[in-house]
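Just so you know, these numbers come straight off a predicted model, no measurement behind them. Along the sequence shown, residues carry numbers from 1.
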Amino acid sequence: MHSHPIADRVAFPACVLLCVRVVRLRGVFATRGSSSMKRGKKAEEAAAAEGEADTSPATAKKTKKAKEPEAPILYDDPPDKMTSKDGRDANMKITSWNVDGLRAWVKKKGLDWVREEAPDVLCLQETKCAEKDLPADITSMPEYPHKYWAASDEKGGYSGVGMLCKTEPLKVTYGIGKEEHDKEGRVITAEFPNFYLVTAYVPNSGRGLVRLDYRKTWDVDFQSYLSELDIQKPLVLCGDLNVAHQEIDLKNPKGNKKNAGFTPEEREGFSQLLEAGFTDSFRELYPEQTNAYTFWTYMMNSRSKNVGWRLDYFLLSSSLLPSLCDSKIRNQAMGSDHCPITLHIAM
């Protein structure tokens, strides 16, 4: 007996069709569930990178239901203010940048950005380069005829600072007068007619805080050095100070209280510096500004998510505050895990 194909289809039980649809839907749900778990794992990894990982079972349950990550909140550097509080025009522009390896930064076209920004003085930190190994692209820059370098005496490819000036300073010194600090090549001081300019790469307390005790000694000695200078002339201090001072200065304060750069001891060291008569120029002008960072780890796409820290500063002697025009975070400039910062001042 031969049956007709159409008749077969009509006779096929409805419940079977329903079962097939449920199975198919289950397949869709299963797929969605697994992708959300993957997202949860990524979120957990990213949190770990920033010091906020929590691997408790309750968290694991939560991550399964994790929503899509929120869009990053970026910082938009506002237009430069070129007039001081007392109505004078800015006539001095200083840029500071932790380049995280000068030779690599030059290859990444960092100097193209510098030529565009055209500061009167360029201060660089973490150059990781002995003077004999400096790239010709930077040593031959005609825009900056006066160039000064300090490097670590003992370790190649470690620490190091530089200062490039359009006009020659009255005097330039290296270090802070203490051998235990100065052998690492962390400070250059230039004396100009009206002020001192100090650029510094402050020691990092390290993974596991292995250098926290050394850092505390450094903070005391460095503050003493700056205060002695300040008696003679007001000063501008710029560089990577390796501390986020307040919770507003990093994305994830809660999980980083025991990590280098946000320990109570380092934050207290910075507070002491402010109490000694120096002012954080960015916070002076933008006290409530959130999401303004100068460093992002290379892990977990931190920069594109703006999961960062504000570690780079311009600090001013209090007597220079009337001269302050603007303190900029140039977070669009690439080439390092830090971005450059720029100070406009009416000297």
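- Annotation for Arg115: atom CZ counts as buried by contact number, over 12 foreign heavy atoms lying within 6.0 Å.
- Under the 3.5 Å distance criterion, the side-chain polar atoms of Ser323 are matched with a main-chain donor or acceptor of Ala346.
- How far CG of Asp326 is from CG of Asp77: 7.5 Å, rounded to the nearest 0.5 Å.
- Taking the charged nitrogens against the carboxylate oxygens, Glu180 and Lys178 have no contact shorter than 4.0 Å, which rules out a salt bridge.
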Next on the checklist: For a side chain to side chain contact (heavy atoms under 4.5 Å, CB included) check, start with the C-alpha distance between Phe278 and Leu237, then their side-chain angles and the critical distance, and finish with the verdict.
Outcome noted: CA-CA 9 Å; Phe278 302 102; Leu237 164 65; over 6 Å; no

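- Note: Trp113 and Trp97 have perpendicular aromatic rings, judged against thresholds of 30 and 60 degrees for the angle between ring planes.
- Across all non-hydrogen atoms, the minimal contact from Cys129 to Arg103 is SG-NE, 3.7 Å.
- Proximity of a side-chain donor or acceptor of Tyr196 to a complementary backbone N or O of Thr189 within less than 3.5 Å is not detected.
- Using modelled atom types, no side-chain atom of Ser317 and backbone atom of Ser319 make a donor-acceptor pair closer than 3.5 Å.
- Pairing each heavy atom of Gly206 with each of Asn204, the nearest pair is N-OD1, 2.7 Å.
- Enclosure of atom CG in Leu170 by more than 12 non-hydrogen atoms of other residues, nucleotides or ligands within 6.0 angstrom is indicated.
- Val99 and Met163 fall into different hydrophobic clusters, defined by Ile, Leu, Val, Met, Phe, Trp and Tyr side-chain heavy atoms under 4.5 Å apart, directly or through other members.
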Checklist entry - Given Gln272 and Val220, is the side chain to side chain contact (heavy atoms under 4.5 Å, CB included) satisfied, shown in steps? => result CA-CA 9 Å; Gln272 295 284 340; Val220 171; over 6 Å; no

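- Atom OG1 of Thr83 sits about 5.0 Å away from atom CG of Asp89, to the nearest 0.5 Å.
- With salt bridges taken as basic N to acidic carboxylate O contacts below 4.0 Å, none links Arg267 and Glu247.
- Here the closest heavy-atom approach between residue Gly175 and residue Asp182 is recorded as CA-OD1, 3.3 Å.
- Heavy atoms from other residues, nucleotides or ligands lying under 6.0 Å from NZ of Lys258 number 12 at most.
- Following chains of ILVMFWY side-chain contacts shorter than 4.5 Å, one can reach Val161 starting from Leu343, so the two form part of one hydrophobic cluster.
- Going from atom CG of Leu311 over to atom CH2 of Trp296 covers 10.0 Å, rounded to the nearest 0.5 Å.
- Separating the OH atom in Tyr293 from the CG atom in Asn306 is a distance of 6.0 Å, to the nearest 0.5 Å.
- Checking side-chain atoms of Tyr313 against main-chain N and O of Val243 turns up a donor-acceptor pair under 3.5 Å.
- Atom CE in Met82 sits 13.5 Å away from atom CZ in Arg88 (nearest 0.5 Å).
- The heavy-atom pair separating Ser227 from Ala276 by the smallest distance is OG-CB, 4.1 Å.
- When atom types are taken as modelled, the side chain of Asp230 and the backbone of Leu226 share no donor-acceptor pair closer than 3.5 angstrom.
- With a 4.5 Å cut-off on side-chain heavy atoms, Leu164 and Ile138 count as touching.
- Residues Ile329 and Gln289 have side chains not in contact (no heavy-atom distance under 4.5 Å, counting atoms from C-beta outward).
- Of the inter-residue distances, the one linking Leu102 atom CG with Lys107 atom NZ reads 11.0 Å to the nearest 0.5 angstrom.
- Contact check for Lys128 versus Asp100: side-chain heavy atoms found under the 4.5 Å cut-off.
- Linking ILVMFWY residues whenever their side-chain heavy atoms come closer than 4.5 Å, directly or via other members, places Tyr75 and Phe314 in the same cluster.
- Taking every heavy atom of both residues into account, Gly335 and Trp105 meet most closely at O-CD1, 3.7 Å.
- Here the side chain of Thr199 pairs no donor or acceptor atom with the backbone of Cys123 at under 3.5 angstrom.
- Between Asp249 and Arg310 there is a salt bridge, since a side-chain N of the basic residue sits under 4.0 Å from a carboxylate O of the acidic one.
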Next on the checklist: Checking Thr290 against Ile73 for the side chain to side chain contact (heavy atoms under 4.5 Å, CB included) test, could you report, in this order, the C-alpha distance in whole Å, the side-chain angles of both residues, the deciding distance, and whether it holds?
Outcome noted: CA-CA 9 Å; Thr290 55; Ile73 304 166; 5.9 Å; no

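- Using modelled atom types and a 3.5 Å distance limit, the side chains of His245 and Ser271 yield a donor-acceptor pair.
- Judged purely by atom type and a 3.5 angstrom limit, Lys147 uses its side chain to pair as donor or acceptor with the backbone of Met141.
- Using a 30° and 60° split on the angle between ring planes, His338 and Phe295 fall in the tilted class, from 30° to 60°.
- Ion pairing between a basic and an acidic side chain is recognised when a charged N comes within 4.0 Å of a carboxylate O; Asp219 and Arg215 show such pairing.
- Lys233 places a side-chain N or O within 3.5 Å of a backbone atom of Pro193 that can act as its donor or acceptor partner.
- In summary, Asp80 and Arg330 engage in a salt bridge, as defined by a charged side-chain N under 4.0 Å from a carboxylate O.
- Within the 4.5 Å cutoff, no side-chain heavy atoms of Asp120 are placed close to those of Thr167.
- For the pair Leu235 and Phe195, the minimum side-chain heavy-atom distance is 4.5 Å or more.
- In summary, the side chains of Ser327 and Glu284 do not present any donor paired with an acceptor at a separation below 3.5 Å, with no hydrogens or angles considered.
- The minimum heavy-atom distance between Gln125 and Cys238, with the atom names listed, is NE2-O, 4.4 Å.
- Side chain of Thr263 to backbone of Ala260: no donor-acceptor contact under 3.5 angstrom is found.
- Residues Met334 and Lys108 fail the side-chain proximity criterion, which asks for heavy atoms closer than 4.5 Å.
- Aromatic ring pairs are classed by plane angle as parallel below 30°, tilted from 30° to 60° and perpendicular above 60°; the pair Trp309 and Phe262 is perpendicular.
- For an aromatic pair to be called close, the ring centres must be under 6.0 Å apart, and Tyr214 with His181 satisfies this.
- A donor-acceptor pair is defined here as one N or O able to donate and one able to accept, closer than 3.5 Å; no such pair exists between the side chain of Lys93 and the backbone of Ala118.
- The only member of Glu265, Glu266, Arg211, Lys216 that meets side chain to side chain donor-acceptor pair (under 3.5 Å) when paired with Ser205 is Glu266.
- Contact annotation: the side chain of Tyr201 approaches that of Asn242 to within less than 4.5 Å [non-hydrogen atoms, C-beta and beyond].
- By the 30° and 60° cut-offs, the orientation of the rings of Phe282 relative to Tyr286 is tilted.
- In the hydrophobic cluster analysis, where Ile, Leu, Val, Met, Phe, Trp and Tyr join through side-chain heavy atoms closer than 4.5 angstrom, Tyr225 is grouped together with Trp218.
- A chain of hydrophobic side-chain contacts below 4.5 Å, direct or via other Ile, Leu, Val, Met, Phe, Trp or Tyr residues, connects Leu321 to Phe192.
- Inter-residue side-chain proximity for Leu320 and Val236 is flagged as met; some heavy-atom pair is nearer than 4.5 Å.
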